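Here is the structure we will look at.
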There are 2 protein chains.
Amino acid sequence: MDVPTTRRPGVAVPRADIPRAKEKRTRIQAINRGLIVDAALEMFSTYGFRGTTIDQIAERAGMSKPNLLYYFPKKEDIYVTVLEETLEEWLDPFAALDPEGDPIEELRKYISIKMEMSASRPEASRLFANEILHGAPMIGRFLQTNLRNMVHEKAAVLRRWVSEGRLAPIDPYHLIFTIWATTQHYADFDVQIRAVLGPQVDQPGHREQAAQAVLSILLNGIRPRG
Amino acid sequence: MDVPTTRRPGVAVPRADIPRAKEKRTRIQAINRGLIVDAALEMFSTYGFRGTTIDQIAERAGMSKPNLLYYFPKKEDIYVTVLEETLEEWLDPFAALDPEGDPIEELRKYISIKMEMSASRPEASRLFANEILHGAPMIGRFLQTNLRNMVHEKAAVLRRWVSEGRLAPIDPYHLIFTIWATTQHYADFDVQIRAVLGPQVDQPGHREQAAQAVLSILLNGIRPRG
DNA sequence: GTACATTTTGACCATTCAGTCAAGTTTTTG
DNA sequence: CAAAAACTTGACTGAATGGTCAAAATGTAC
């Protein structure tokens, strides 16, 4: 006996296939994907992948769970999309390091921008930190290819600057790691910083003060000068 | 009708109550709690609280789930215990910063020890990072009291050193954050560092090289020195 | 405006997983 | 060595949650 179904085999059922690429997007698709991705970034960055439920994202995005699943068939799909869209933005300033610029000035600009980003979009940093912390199951490949190449490229520039005597003799890779560590710490460990410093972190000048302190340490070091 | 049970109400059933404090522990209790905590640290630090199942911990600890639940009635109990035991160890070197020592030498020692810890016990760092990243739901109170006080205390020392001209004029809090950020980055973002640097991170001299680079940057800064 | 494609949803299913329980086994104690 | 205490476990349960589905509602193109 056949399974009772209205579907006849061989007859193609018209089924809305959500386009993966950015082209061919309906107006509604563009809107709803946006809502979902925004909601998902918020949730994933706060509770992690496992700690976030589809229902939560759907509610925050203002739609039903099946409706959300219509746009992103798997929970993982949302996560990967959010991660991809965030990564690019996050690495932009790094790519913008100008090999022809003044070393100290370029690094000062880079550190400043990263501090600014940590303050204005901490979710992006946290999402990324969480993924790495858990072994980068989704973006491992990206790290080993794109990021790796980009870092090698920039490290070469830094090394040249060092050899030209325009930078202190520092291993370029560890310099990059140190900058990342320091700047992103202000987003990732915000709760801890808040616990220590109290409400003053919301005061107007605090962001600038933090950026200034970090710049001072990284550029000039801890030793007394003058 | 009564529910068929052999338990008679009012009759106290002898039930083994696991002592929460460290005293009064059976030999078996000491062993098994140790096995559980070790296994849990491993799992929680890798997969987070939500990403870890009791079964996984039990299997890694070599016992059945109900048996594990006999020692730690709730999943949260294991997590909190691991966190507490780890936190103390993790903050030890910070507490050991000697107000009477030489500033640069003290900081050099502190940074070196933290780098060493990140390399030898990355799980501890990751467990902690994960907890903070998710808003410190369990140790929020600890951060706002113990940690806060400790940081204030050490910040006062740093500030004195600055006023004595034995340290560059830096905000002491941000100096502390910068040191934490940089050193713990090597544990928390190990996967990323590995992706960029490749297998050389397992080479003998790598740890020392990393520590040297971080010390150089933090102590002397990026600017070229005469 | 009508036919077709797209979007939306309530009801449902299967799995995973924290936690329970009662009955057993082992260890300790007097 | 016998009784009590401590320890261990297989078999469950209930709630949470990722994902399905068929049908209804809405939007779009001609």
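Naming convention: chains lettered A, B, ... in sequence-line order (proteins, then strands); numbering from 1 in each chain. Just so you know, these numbers come straight off a predicted model, no measurement behind them.
Here C/dT16 presents its C1' atom at 11 Å from CD of B/Gln56, a figure rounded to the nearest Å. Atom CG of A/Asp77 is separated from atom P of D/dG18 by 13 Å (rounded to the nearest Å). Between the CD1 atom of A/Ile57 and the P atom of D/dG18 there is a distance of 8 Å, given to the nearest Å.
The side chain of A/Lys75 sits closest to D/dG18 out of C/dT8, D/dG18, D/dC7. The side chain of A/Arg27 has D/dT28 as its nearest neighbour among D/dG19, D/dC7, D/dT28. The side chain of B/Leu69 lies closest to C/dG19 when the candidates are C/dG19, C/dT7, C/dT27.
Judged by distance alone, the side chain of B/Gln192 and the main-chain N or O of A/Ile132 form no donor-acceptor pair under 3.5 Å.
Atom CD of A/Gln200 is surrounded by more than 12 heavy atoms from other residues, nucleotides or ligands within 6.0 Å.
With values rounded to the nearest 0.5 angstrom, A/Leu107 atom CG is found 6.0 Å from A/Leu97 atom CG.
For B/His206 and B/Tyr186, the ring centers are positioned 6.0 Å apart or more.
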For nucleotides 9-16 of chain D, print each protein N/O atom paired with a nucleotide N/O atom at under 3.5 Å, atom names and distance only.
{"unit_1": "D/dT9", "atom_1": "OP2", "unit_2": "B/Ser64", "atom_2": "N", "d": "3.4"}
{"unit_1": "D/dT9", "atom_1": "OP2", "unit_2": "B/Ser64", "atom_2": "OG", "d": "3.1"}
{"unit_1": "D/dT9", "atom_1": "OP2", "unit_2": "B/Asn67", "atom_2": "ND2", "d": "3.4"}

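Residues A/Tyr173 and A/Leu158 are not in side-chain contact: their nearest non-hydrogen atoms beyond the backbone lie 4.5 Å or more apart. Between B/Phe189 and A/Gln184 there is a side-chain heavy-atom pair separated by less than 4.5 Å.
Under 4.0 angstrom from either OP1 or OP2 of C/dT8 there lies at least one side-chain N or O belonging to A/Tyr71. For the pair B/Thr26 and D/dC7, the criterion of a side-chain N or O lying under 4.0 Å from OP1 or OP2 is met. Between A/Gln29 and the phosphate of C/dT7, there is a side-chain N or O to OP1/OP2 separation shorter than 4.0 Å.
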